[in-house]
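Below is one structure, written out as structure tokens; comments come after it.
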Protein chains: 2
Amino acid sequence: MADGRPSAAISGENLLFLTDEQLRQGIEAMFFAYRGFTADPDRILSDLAYGRAHHRAIHFINRAPGTTVNNLLNILGVTKQSLNRVLRTLIADGLVQSRVGQSDKRERHLFLTDEGRALEGRLSDAQRARMRTAFRDAGPEAVAGFRTVLEAMMDTEMRRTYTRLKESGA
Amino acid sequence: MADGRPSAAISGENLLFLTDEQLRQGIEAMFFAYRGFTADPDRILSDLAYGRAHHRAIHFINRAPGTTVNNLLNILGVTKQSLNRVLRTLIADGLVQSRVGQSDKRERHLFLTDEGRALEGRLSDAQRARMRTAFRDAGPEAVAGFRTVLEAMMDTEMRRTYTRLKESGA
DNA sequence: CTTGGAATGTCAACAAGGCTGACATAAACT
DNA sequence: AGTTTATGTCAGCCTTGTTGACATTCCAAG
């Protein structure tokens, strides 16, 4: 618990690697970087009376058009009631379209309208711009390391979801 | 905006580097990893009727004992009113002590009590455990890249704060 | 020294977005 | 057919963000 001392997990080449202080720096880096990560879309959204929750819904509907509410729930990791509130406003505002499933009429399939896609574009452009600058400044090897660590930090469940999306994408 | 195409910023060695698809994977990795990052402390906190805001306050008071409310505000990036509510409960519960400044009586200097330090320990232990596993699995070079990218992703202001904390720590 | 403004922190009220509970509808199983 | 399970919606609560109003303290100009 005291700083400077190497922490519990020491094995092989990691002798002087994982001090509590270094872990804490990693924690704080995550905290401050996440603020930067969300800052640009947040600015756009606040002008529109939307929040981060709307952004997340729009992002993943764009990523997997026709997805069901239930599927979106698993990706986002919130309750269906919470997601529903957000979807309701997006549908009312004409950014998202909800179609009753044909094989299973309990399901609603979600799509972005043209207007929804337009906002999605604005938001991703802003977020990608920052990511692009950061990636370029850091260089390809740093980016590879960045992704490796982030993947290792996810829960197993989320890593599976992430991987599935990744492979469906490219 | 279409995937597969290399994005705007192309320069030198980065020829095939920054496609929109890769940037989007970075964005999604951040999203899913941050969930994992906060999951363990969140579980502990929910048993105690505290939230992430309490965790953040406790973390940085521990990191910089005697800090003022105003200073904490700049670190956390929320309004003083919002922080104040959290601090009030922590003080009422005896986890944080607030002392009126001696040179400037408007200021309140914040300290963790023994009980506060105990909770801080539980929370950081949980969060560090995950970070340690991720770092170990990823290896030292990946960790270096991880930190480089995160730093590049911060706003200038936050990067300064982060660096100041980092240098005061080790 | 006093007075007006700036800095610091507190209290109150509101909004976004988490949560659980209750419920309607459709499907599936016995 | 009748019960159980899955999906989605509506209502209400809690945390934590926000702005507005205010008390206290400091400091600088007169």
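In what follows, chains carry the letters A, B, and so on, assigned in the order in which the sequence lines appear, proteins first and then strands, with residues in each chain numbered from 1.
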Exercise for the section: Would you please say whether a donor-acceptor pair under 3.5 Å links the side chains of A:E28 and B:H59? Expected result: yes
Practice task
May I have the distance from A:L87 (atom CG) to D:dT9 (atom P), rounded to whole angstrom?
Solution key: 8 Å
Exercise for the section: Step by step, work out the side chain to side chain contact (heavy atoms under 4.5 Å, CB included) result for B:F37 and B:R130. Expected result: CA-CA 7 Å; B:F37 171 69; B:R130 181 183 292 252; 5.6 Å; no
Practice task
Measure from CG on A:N71 to P on D:dG8 and round the result to the nearest Å.
Solution key: 9 Å
Exercise for the section: Tell me what B:K80 touches on the nucleic acid: a base, only sugar-phosphate, or nothing, going by heavy atoms under 4.0 Å. Expected result: base
Exercise for the section: Select base, sugar-phosphate, or nothing to describe what A:S103 touches, counting heavy atoms under 4.0 Å on all strands. Expected result: sugar-phosphate
Practice task
Ignoring backbone atoms, establish whether A:N84 has a side-chain N or O less than 4.0 Å from OP1 or OP2 of D:dT9.
Solution key: yes
Practice task
Establish, with yes or no, whether the OP1 or OP2 oxygen of D:dT15 is under 4.0 angstrom from a side-chain nitrogen or oxygen of B:H54.
Solution key: no
Problem - From C:dT20, D:dT25, D:dG8, nucleotide with atom closest to A:R108 side chain - result: D:dG8
Problem - Nucleotide D:dC10, atom C1' - distance to CG of A:L83 in whole Å - result: 14 Å
Problem - hbond_proxy B:R106 side chain to C:dA7 base (donor-acceptor, 3.5 Å cutoff) - result: yes
Problem - Phosphate OP1/OP2 of D:dT7: any A:N70 side-chain N/O under 4.0 Å - result: yes
Exercise for the section: Would you indicate what B:R85 reaches in the nucleic acid, counting non-hydrogen atoms under 4.0 angstrom: base, sugar-phosphate, or nothing? Expected result: base
Exercise for the section: Can you measure from NE2 (A:H55) to CG (A:L48) and round to the nearest 0.5 angstrom? Expected result: 12.0 Å
Problem - A:D114/A:R117 ion pair, N-O < 4.0 Å - result: yes
Handout entry: A:Q102 or A:A49, whichever maps to the more 5' nucleotide of DNA chain C
Key = A:A49
Exercise for the section: May I ask you to evaluate whether B:R56 reaches the phosphate of D:dG17, defined as a side-chain N or O under 4.0 Å from OP1 or OP2? Expected result: yes
Fill in the blank from the handout: To the nearest angstrom, the CG-P distance between A:L76 and C:dC19 comes to 11 Å
Problem - Between C:dG18 (C1') and A:R88 (CZ): distance, integer Å - result: 15 Å
Problem - Interatomic distance where CZ belongs to B:R35 and C1' belongs to C:dG17 [whole Å] - result: 15 Å
Exercise for the section: Using a heavy-atom cut-off of under 4.0 Å over every strand shown, decide if A:S98 touches base, sugar-phosphate, or nothing. Expected result: nothing
Exercise for the section: Evaluate the side-chain proximity of B:T68 to B:H109: yes if any heavy-atom separation is below 4.5 Å, no if none is. Expected result: yes
Exercise for the section: With the side chain of B:S82 defined as its heavy atoms from C-beta on, choose the nearest nucleotide among C:dA26, D:dG17, C:dC19. Expected result: D:dG17
Handout entry: Spacing of B:R159 atom CZ and B:L150 atom CG [to the nearest 0.5 Å]
Key = 11.5 Å
Problem - Whole angstrom value for the distance that separates P of C:dC19 from CZ of B:R52 - result: 10 Å
Exercise for the section: Please confirm whether any donor atom in the side chain of B:Q81 sits under 3.5 Å from an acceptor in the base of D:dG20, or the reverse. Expected result: yes
Problem - Between P of D:dT5 and CG of A:D104, the distance in whole Å - result: 17 Å
Practice task
Using only side-chain N and O atoms of B:T79, determine if any of them is under 4.0 Å from OP1 or OP2 of D:dG17.
Solution key: no
